[in-house]
Amino acid sequence: MPAADHAAQAGRAAWAMTEAIAELNVERAAQGLESVRVGIGINTGIMSVGDMGTDIRLAYTVMGDAVNLAARLEGLTRVYDVDIVASDTTRVRAGEGLVWQALDTVRVKGRQQPVDVFALRAPPDAAPSEALAAELALWSQALADWRAGDLVSANAK
């Protein structure tokens, strides 16, 4: 059944996944095991969902340009060293209650149009801490300086 707040639900689910991984890593560390990491790409758009294939081989899957972009965003989590990367479409449709950090404007494989990408930075429905708010403000100014070509000011931040 369609959900009007699907983008916000995706952000909340992604955050919950990262919290579960953090808990798992505490257990793994206690056992002397290496930590694991997850990268999550979120995009909002039209896709096909359901059983696909033939009578011989069926698979429940999702397909479409929106899915492909989400997969590309997942790959960017390693580039930007964050757990969750979302498209601007998702950020806008998610509405209030999620704290986003603008990362960049990127051109991903298979797309001509650049995509604005964002990282989810705070637990859902929680105001950012004073330190995070200051960090996000500083980052926002540095990114604006970078985009304006003022690399000296961007680097100073």
Side-chain angles (χ1 to χ4, degrees), residues 1-25 34-125 128 132 135-151 153-155 157:
M1 180 187 290
D5 65 341
H6 59 85
Q9 286 184 32
R12 286 179 169 79
W15 190 268
M17 289 168 63
T18 62
E19 287 182 328
I21 291 293
E23 290 173 16
L24 174 67
N25 282 332
E34 288 186 41
S35 63
V36 295
R37 185 157 180 214
V38 64
I40 303 166
I42 309 172
N43 184 43
T44 301
I46 300 197
M47 61 191 72
S48 296
V49 180
D51 286 324
M52 314 251 178
T54 67
D55 290 339
I56 297 170
R57 182 175 173 153
L58 266 178
Y60 188 83
T61 190
V62 292
M63 295 182 356
D65 183 58
V67 177
N68 294 339
L69 178 54
R72 301 289 186 217
L73 299 180
E74 180 274 327
L76 292 176
T77 61
R78 290 178 286 288
V79 173
Y80 293 98
D81 195 28
V82 296
D83 294 326
I84 303 165
V85 173
S87 67
D88 190 42
T89 305
T90 296
R91 181 191 63 84
V92 168
R93 291 192 181 170
E96 301 296 317
L98 298 173
V99 177
W100 300 98
Q101 176 184 3
L103 293 176
D104 207 347
T105 301
V106 298
R107 188 164 287 161
V108 298
K109 183 179 176 182
R111 284 192 149 224
Q112 294 297 321
Q113 286 293 99
V115 178
D116 292 329
V117 294
F118 297 81
L120 188 54
R121 291 295 311 272
D125 302 317
L132 178 58
E135 177 188 331
L136 293 175
L138 189 62
W139 174 264
S140 180
Q141 185 57 55
L143 186 59
D145 291 343
W146 173 266
R147 289 177 172 165
D150 186 356
L151 305 183
S153 293
N155 193 42
K157 301 206 173 20

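- The shortest heavy-atom contact between V99 and P128 is CG2-CD, 3.8 Å.
- Contact of the R121 side chain with the E135 side chain is registered, since non-hydrogen atoms from C-beta on lie closer than 4.5 Å.
- From I84, atom CD1 reaches atom CG of L76 across 14.0 Å, with rounding to the nearest 0.5 Å.
- Closest approach of A94 to A7, counting heavy atoms only: N-CB, 3.6 Å.
- Atom CH2 in W15 sits 5.5 Å away from atom CG in L120 (nearest 0.5 Å).
- Taking each heavy atom of A142 and A154 in turn, the nearest pair found is O-CB, 3.4 Å.
- Atom-to-atom distance recorded for I42:CD1 and R91:CZ is 13.0 Å, nearest 0.5 angstrom.
- Among T89, T90, D88, the single residue meeting the side-chain hydrogen bond (donor to acceptor under 3.5 Å, both in side chains) criterion with T44 is T90.
- Counting heavy atoms from C-beta outward, V36 and I21 have side chains that approach closer than 4.5 Å.
- Scanning all heavy atoms of the two residues, the minimum distance from L73 to V85 falls at O-CB, 3.7 Å.
- Residues forming a side chain to side chain contact (heavy atoms under 4.5 Å, CB included) with L143 (at least two apart in sequence, or on another chain): A102, W139, R147.
- No donor-acceptor distance shorter than 3.5 angstrom exists from the side chain of R12 to the backbone of P124, with no hydrogens or angles considered.
- Proximity of N155 to W146: side-chain heavy atoms (C-beta onward) are nowhere separated by under 4.5 Å.
- Side-chain contact between L98 and F118: absent, with no pair of heavy atoms (C-beta onward) separated by less than 4.5 Å.
- Rounding to the nearest 0.5 angstrom, the gap separating the OG1 atom in T18 from the CD atom in E23 is 10.0 Å.
- With sequence neighbours excluded, the residues forming a side-chain hydrogen bond (donor to acceptor under 3.5 Å, both in side chains) with R37 are D81, D83, listed by chain and number.
- Between Q112 and R107, the closest heavy-atom pair is O-NE, 2.9 Å.
- For the pair E74 and G39, the tightest heavy-atom approach, listed with the atom from each and the gap, is CG-O, 3.1 Å.
- Residues D145 and Q141 form a side-chain contact, since some pair of their non-hydrogen atoms from C-beta on lies under 4.5 Å apart.
- Every residue was checked against the side-chain hydrogen bond (donor to acceptor under 3.5 Å, both in side chains) condition with N25, not counting sequence neighbours, and none meets it.
- A donor-acceptor pair is defined here as one N or O able to donate and one able to accept, closer than 3.5 Å; such a pair exists between the side chain of D150 and the backbone of S153.
- For the atom pair CG (N68) and CZ (R111), the distance works out to 9.0 Å, reported to the nearest 0.5 Å.
- More than 12 heavy-atom neighbours from other residues, nucleotides or ligands sit within 6.0 angstrom of CG on L151.
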